[in-house]
Protein chains: 2
Amino acid sequence: MVNIKDVAARANVSVGTVSRVLAKNKTVGKELRETVEATIRELNFQPSGVARGLRRSRTDMIGLVIPDITNPFFAELAKHVEASASGAGYSVLLCITNDDPAIEAAQITSLLKSYPTGMIVVPTQSGGPTGWGERELPAIAVDRPFGGHPLISVDHRAGAGLAARHLIDLGHRRIAYIAGPDDAPVSRQRREGFVQALAEADIEAVCVSGQFDYQSGEALGRFLLQRAPGVRPTAVATASDQQAIGLIRAATDLGLSVPGDVSIIGFDDIPLANLVTPRLTTIRQPVASIAASAVAIMVGDTPMPEGDALMEATLVVRSSTAAPGPEQSSE
Amino acid sequence: MVNIKDVAARANVSVGTVSRVLAKNKTVGKELRETVEATIRELNFQPSGVARGLRRSRTDMIGLVIPDITNPFFAELAKHVEASASGAGYSVLLCITNDDPAIEAAQITSLLKSYPTGMIVVPTQSGGPTGWGERELPAIAVDRPFGGHPLISVDHRAGAGLAARHLIDLGHRRIAYIAGPDDAPVSRQRREGFVQALAEADIEAVCVSGQFDYQSGEALGRFLLQRAPGVRPTAVATASDQQAIGLIRAATDLGLSVPGDVSIIGFDDIPLANLVTPRLTTIRQPVASIAASAVAIMVGDTPMPEGDALMEATLVVRSSTAAPGPEQSSE
DNA sequence: CTGTTAGCGCTTTCAA
DNA sequence: TTGAAAGCGCTAACAG
């Protein structure tokens, strides 16, 4: 592989000069700079990121730590993080924790060996340890809080409030909520936002909790919907689109029509939400913006924020919600 | 950060010795080795992967190049690759190409800067360029051929044949096939396998092609199913589960029951396949094995194969396929 | 503005 | 079996 010395020799300059043109340092004479640039192209020189990293104790890499790449929301996040990062000349080191604090700790320790510029982490639900040895490494948390690091996430409370108000506006009064794990802050915040918005309209929600996945939505949904029409909720909101999709399945299996018999509203707006039958009304998270801000901070385009940054969620109305049927509204 | 010199000093040995115990080199005296190991733990020493990488011109990283992490099949692949890699002490550098050959080339070039041990690539559909400069880097292709590199993938032809035979065995004769992009080898192979298996039973398939995504499945499905019961196919197979799910949606929208009016069979067995209504009959790819073999080769546990390795697909029968209704079989 | 040079932290001969 | 020392390719002082 051709190195900086080869380029210097070929261009009749010192390695220092080559290094400076690489760094786009303005203190290089125009003429010389052009010669060097030509030589670089001619030799197809690719500076070693490893050598550079060793010298600067920092590589152009960003660690991305997520619980599960198979979750459409995290996949979307990863996609945008990768796009922003590579746009800024950074690579992304992928770590999957499986929502296991021990694996998370191991992954982070292992990450450090590559001297990444920083890391973007969606921590384990159970909120594991916060530190990772001495090395000072900029980190920002996404979606869920991570130690004392600045958090970028959607405003879960406000988003859930949006969902609640949508259901209320539609005329629903008997409303249920399927939450995520009780020990997950994200889950709690969404539930609280939902319950509070309902309380403001003097409505009490029946809440059940489980995981964020399809199965949970289906199982909990079955539980919720298996009761007489006059008692059964006319609308149910979920903490994730995956749960909502499982819920639709449960409703269908029970012979219930959505939204005829039950209105359903999800959270996240994963790609699939727009493809299920009926198309899912949901709360959209601004994933792209979240990813972009996180990367901007890591690469230094934006200063590390002092506190947390809450991005705004938006209501996406599709076909899984409607006004309750007349016979249903009888309380 | 503590380095190898600190450890050496603290343990009263030379850095060479420390390095040797790090490398699990047997030529270190038992006693010395234990002292050094103790010191390493005591100082919580993490050897720098960057320095190591520079010295050896190779880091413990594997490049993973995929078109789209949002595609459940690739997400699954990424998950297993990450798991195998980190199990072997390697990190994974994630590159997303968006199925764009130009981005793919740029990503690969950029990967090289980190001296990865090798790369696992699911190349762009259109089969872009094959080389990436001079540096010799082990690469293995997954799912789709990539230049002259060994390919690990499911046996697309045989898998599609399985689907065809399942439909035939069920009694279907009017069968359609929704393929992926015509310029994608994967797509061609699946279609050929399907068509050929049908031909062996003297059945001719009507084939249409599009993308591998939900939308394509839905659009093409609408096109295929919008015809009179006596002409409409009684079964349709798709090149991907996503298409099949879109297709189910199209059928439902058209008032057709699955599998009552049409049987549907997908390909891949993504997690969602088991959650849609009806649960999707499909052809399962052994993703975990594919990922594990690819990683095993990269980390040197397995020699680089001479030719391509085709893994066996399996038929997963669920509820989206059934024998055609009596009135349908009238040709 | 440009050249020289001392490392970054580690592995790997080469000696002892 | 262990130590000493030469770099891997680059950046960042420091001189000139």
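Remember, predicted model here, so these are calculated numbers, not experimental data. Within every chain, numbering begins at 1; the chains are lettered A, B, ... in the order of the sequence lines, protein sequences first and strands thereafter.
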Considering residues, nucleotides and ligands other than [X], do more than 12 of their heavy atoms fall under 6.0 Å from its [atom1]?
X      : atom1 : value
A/R10  : CZ    : no
B/E312 : CD    : no
B/R56  : CZ    : yes

Selection: residues 19-37 of chain B, any non-hydrogen atom under 4.0 Å of DNA chain D = B/R20, B/T27, B/V28, B/G29, B/L32
note = 5'-most contact on DNA chain D (nearest-nucleotide basis), B/L54 vs B/G16, goes to B/G16
request  = Using the heavy-atom set of chain A and a strict 4.0 Å cut-off, write down the first and last nucleotide of DNA chain C that makes it in, 5' to 3'.
outcome  =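 The protein-touched segment is C/dC1 to C/dG9.
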query = Do B/V21 and B/I40 have side chains that get closer than 4.5 Å, going by heavy atoms?
reply = yes
request  = Decide yes or no for B/I297 and B/M304: does some side-chain heavy atom of the first lie under 4.5 Å from some side-chain heavy atom of the second?
outcome  =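 They are in contact (side-chain heavy atoms under 4.5 Å apart), so the answer is yes.
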remark   = Note: B/T35 and B/E31 closest approach over all heavy atoms is OG1-O, 2.9 Å
task = Give, for atom CD of A/E76 and atom NE2 of A/H80, the distance between the pair rounded to the nearest 0.5 Å.
result = 4.0 Å
task = Test B/V142 against every option in B/L64, B/I66, B/I120 by the side chain to side chain contact (heavy atoms under 4.5 Å, CB included) rule and name the one that passes.
result =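 Of B/L64, B/I66, B/I120, side chain to side chain contact (heavy atoms under 4.5 Å, CB included) with B/V142 is met by B/I120 alone.
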query = Quick one: which of A/T302, A/D301, A/V81 gives a side chain to side chain contact (heavy atoms under 4.5 Å, CB included) with A/V295?
reply = A/V81
ask   = Hey, is B/E34 close enough to B/K30 for a salt bridge, meaning N to O under 4.0 Å?
value =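 Yes.
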key: 5' precedence on DNA chain C between A/R55 and B/P47 (nearest-nucleotide basis)   =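 Here A/R55 is the residue nearer the 5' end.
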inquiry  = Does A/V13 reach a base, just sugar-phosphate, or nothing at all? Heavy atoms under 4.0 Å.
reply    =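 It contacts sugar-phosphate atoms only.
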ask   = Earliest and latest nucleotide of DNA chain D, 5' to 3', sitting under 4.0 Å from a non-hydrogen atom of chain A?
value =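 Nucleotide range with atoms under 4.0 Å of chain A: D/dG9 to D/dA13.
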